[in-house]
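Scroll down for the structure; my scribbles are underneath it.
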Amino acid sequence: MGAVTPGVLALQGGFQAHLRALGPSALEVRTPEELARVDSLVLPGGESTTQGKLIELGGLKPALDGFVRSGKPVFATCAGLILCARYGWLDVDVKRNAYGRQADSFEALDDSGTRRLVFIRAPRIERVGPGVEVLASFNGEPVLVRQKNVTAACYHPELAA
Ligand code: GLN
């Protein structure tokens with residue numbers, strides 16, 4: 001019983017588009033107390049360096065570790081994916097800004113031809129661990145992956161409605 005409350009980490013970056021996509025029940029998360037009120041969490045794109053600093057400053061790191069371990073659904077895009085790799089929430093290696101050299105941003109279809117991919121200075125997934133499932137790829141490289149409750153994309157589904 002009871003409605004499921006989605007949350008969006010709202011420290012920096014593109015969190016507004018995720019809030020819009022999730023609808024009015026979604027909450028902005030900036031503190032451990034706010035994190036405790038949500039049943040799922042989006043880690044948006046933006047600047048992973050800045051977001052990481054704000055996570056540490058706000059004392060959010062242990063709360064986020066606990067949230068990921070609890071098995072609640074987490075969806076990360078772009079900078080969020082970089083943070084998942086850095087903090088060990090996802091067993092992948094990523095290279096920052098790897099798709100940014102071609103153009104600052106571009107759109108493409110994934111290898112199955114079914115997903116519209118919006119890349120904005122996107123990270124490239126260079127290695128996936130044995131527990132990581134590849135859900136979509138682009139030019140043969142993973143762009144959407146899942147490990148247990150954590151799903152992460154190099155691209156921005158919230159901008160490709
Ligand atoms: N280039 C950014 C970073 O390294 C990620 C870009 C994005 O989130 N759109 O954090």
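For reference, positions follow the sequence shown, starting with 1. Atoms within each ligand, like the ligands themselves, are counted from 1 in listed order.
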Minimum heavy-atom distance Leu9-Phe15, with the two atoms named: O-CB, 3.5 Å
Rounded distance (nearest 0.5 Å) linking atom CG of Leu64 with atom CZ of Arg69: 11.0 Å
Are the charged groups of Lys61 and Glu56 less than 4.0 angstrom apart, N to O? no
So CD of Glu34 and CG of Leu41: to nearest 0.5 Å the spacing works out to 11.5 Å
Check whether any side-chain N or O of Thr77 sits under 3.5 Å from a backbone N or O of His156 as a donor-acceptor pair, and report yes or no. no
Contacts for ligand 1, heavy atom under 4.0 Å, by chain and number, are Gly45, Gly46, Glu47, Ser48, Cys78, Ala79, Ile82, Arg96, Asn97, Ile120, Arg121, His156
Does the ring of Tyr155 carry Arg115 above it, NZ/CZ under 6.0 angstrom from centre and within 45° of its axis? no
